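To keep things clear, I will list the structure first and then write my remarks on it.
Here the structure is a predicted model, which is why all the values come from computation and not from measurement. Side chains included, hydrogens not; waters and symmetry mates left out as well; all remaining heavy atoms used. Counting starts at 1 for both ligands and their atoms, in listed order.
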Amino acid sequence: MKIKVTNPIVEMDGDEMARIIWKYIKKYFIYPYLDIKIIYFDLGLKNRNYTNDQVTIDAAKAIKKYNVGVKCATITPDKKRMKEFNLKKMWKSPNGTIRNIINGTIFREPIIINNFPKKIKNWKYPICIARHAYADQYDSVDFSIKNKGTLYLHFIPDNLNKNNEKKIQIHHFSSPGIAMGMYNTEKSIYNFALSCFNYSIYKKYSLFLSTKNTILKYYDGKYVDIFKKLYKSKFESKFKKLNIKYEHYLIDDMISKVIKSNGGFIWACKNYDGDVQSDCIAQGFGSLGMMTSILLTADGKTFESEAAHGTITRHYKKYKKGIITSTNPIALLFAWTKALKHRAYLDNNDDLRLFSEKIEKSCKTFVEEGNVTKDLLLSMNNLNINKYLDTESFIKDFKKFLEKKLKI
Ligand code: NAP
Ligand code: MG
């Protein structure tokens with residue numbers, strides 16, 4: 001009998017090789033086991049162009065309404081894609097559009113395979129990066145200075161009250177140089193902190209925030225203050241009950257702590273740090289095909305999951321020519337299981353939670369027993385495995401493996 005899922009899930013289809021794998025996942029792992037209502041949006045580039053990108057906005061609104069979304073990888077168009085798809089406009093990244101409407105924090109986390117050789121041997125548990133995806137360098141102004149002169153930071157209040165005006169000299173240039181101005185808002189930092197604390201509780205993981213507040217006393221100091229105040233007022237007792245902790249570290253200390261650790265925590269990063277560190281963590285753990293990404297709102301309720309990788313264009317080009325590919329479907333599969341787990345969490349649906357956990361656990365065991373795609377084989381190198389499965393065989397063999405596990 002199929003498991004009854006009481007509330008719907010919003011599904012967003014995507015592009016290229018990820019879209020091909022997506023179809024298999026639904027056919028083999030979702031439809032046969034679940035009695036579920038799926039609210040479907042085709043975010044494939046063709047349809048985004050056809051609907052003038054309205055489909056992305058509608059999908060984001062549906063996620064807000066139903067609280068759970070699962071997204072396939074999509075093409076973010078550039079000049080080359082404009083030509084290839086004969087686009088009306090260079091549509092924005094769907095992820096950016098969805099994030100602006102839902103307003104959450106991005107958490108990236110690797111899927112850990114036990115016997116997988118890791119570049120950092122002591123990393124036993126996932127390190128989950130929370131990136132404050134708002135402002136700082138990504139919404140800054142920068143320019144080069146060619147002449148001698150003085151650079152100021154100047155704030156003019158809307159009400160033109162002279163008492164609140166601030167003009168601070170930054171530097172006097174006696175030779176050419178460069179300059180940058182950036183900002184953030186208390187509201188956005190507060191929501192970031194709230195998402196992080198809520199996700200810590202959901203995952204039962206400790207939370208560490210890194211900043212450079214010794215140098216940026218007001219800027220990074222604000223992050224430290226907001227996190228601390230929120231922790232003390234709303235989360236300390238909940239954290240203590242779960243035996244997890246919240247701590248702030250200087251980013252230099254945090255990096256050495258991360259390298260020495262066994263993993264198993266959430267690392268809250270400022271925008272730029274999160275961008276850079278998540279690539280470092282992904283590499284440290286192995287393959288892009290093993291990295292998942294979720295977007296979670298500050299109240300911990302609205303949730304969207306996806307694979308961290310893209311549409312895997314190089315593999316799709318081969319696939320279209322009829323060449324067999326060996327593309328790793330695991331992160332795309334886990335995007336589904338994570339969305340199902342969140343649905344289960346919101347609806348108190350134990351059967352659904354157990355089913356999703358069973359898929360995840362079985363998939364790890366399946367790989368640990370030596371069933372791998374090419375990317376995994378390449379990063380395993382010294383193990384006794386010397387052959388890899390093609391995309392479809394991996395999925396079909398895993399389906400058989402799962403069937404056996406579900407019967408036990
Ligand atoms: P990509 O799709 O992540 O692929 C880059 C390379 O990483 C692949 O060519 C492949 O290497 C390897 N790889 C990634 N995922 C893999 C998997 N599941 N199994 C095996 N190998 C995997 O990045 P891209 O080629 O830079 O971008 C392609 C398109 O995806 C672009 O149009 C971009 O806009 C879009 N994109 C979307 C998202 C999103 O929707 N969240 C994110 C990133 C990029 P080899 O070729 O060496 O095997
Ligand atoms: Mg990056």
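- Geometrically, ligand 1 and R314 share a nitrogen or oxygen pair separated by less than 3.5 Å.
- Where the criterion is an N or O separation shorter than 3.5 Å, residue side chain and backbone included, T313 fails it with respect to ligand 1.
- The closest approach between any non-hydrogen atom of M17 and ligand 1 is not below 4.0 Å.
- Ring-centre distance between F398 and Y28: not below the 6.0 Å cut-off.
- Looking at T327 next to ligand 1, no N or O pair under 3.5 Å apart turns up.
- At a threshold of 4.0 Å, the pair D225-K228 does not count as salt-bridged, since none of the basic side-chain nitrogens sits closer than that to a carboxylate oxygen.
- For ligand 1, the atoms lying closer than 4.0 Å to a non-hydrogen atom of R81 are 31 (C), 32 (O).
- At a distance under 4.0 Å, a protein heavy atom can be found next to atom 36 (N) of ligand 1.
- Contacts with ligand 1 closer than 4.0 Å are made by side-chain heavy atoms of N95 only, the backbone lying farther away.
- Aromatic pair Y202/H342: ring centres closer than 6.0 Å.
- Salt bridge present: K270 and D220 bring a charged side-chain N and a carboxylate O closer than 4.0 Å.
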Full working for ring pair (Phe, Tyr, Trp, His ring centres under 6.0 Å) between Y205 and Y125: CA-CA 11 Å; Y205 274 1; Y125 310 104; 8.2 Å; no

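- Counting heavy atoms closer than 4.0 Å to ligand 1, residue H309 contributes atoms from both its backbone and its side chain.
- Below 3.5 Å of separation, one finds an N or O of I312 facing an N or O of ligand 1.
- Counting heavy atoms under 4.0 Å from ligand 1, residue K374 does not touch it at all.
- Contact between P77 and M90 at its shortest, heavy atoms only, is O-CG, 3.5 Å.
- Checking only distances, E16 never comes within under 3.5 Å of ligand 1, N or O to N or O.
- Between H132 and N184, the closest side-chain pair of non-hydrogen atoms falls below 4.5 Å.
- Between A307 and ligand 1, not a single N/O pair is under 3.5 Å apart.
- At a 4.0 Å heavy-atom cut-off, ligand 1 touches T311 through backbone and side chain alike.
- Under the 6.0 Å cut-off for aromatic ring centres, F235 and Y246 do not qualify, their centroids lying 6.0 Å or more apart.
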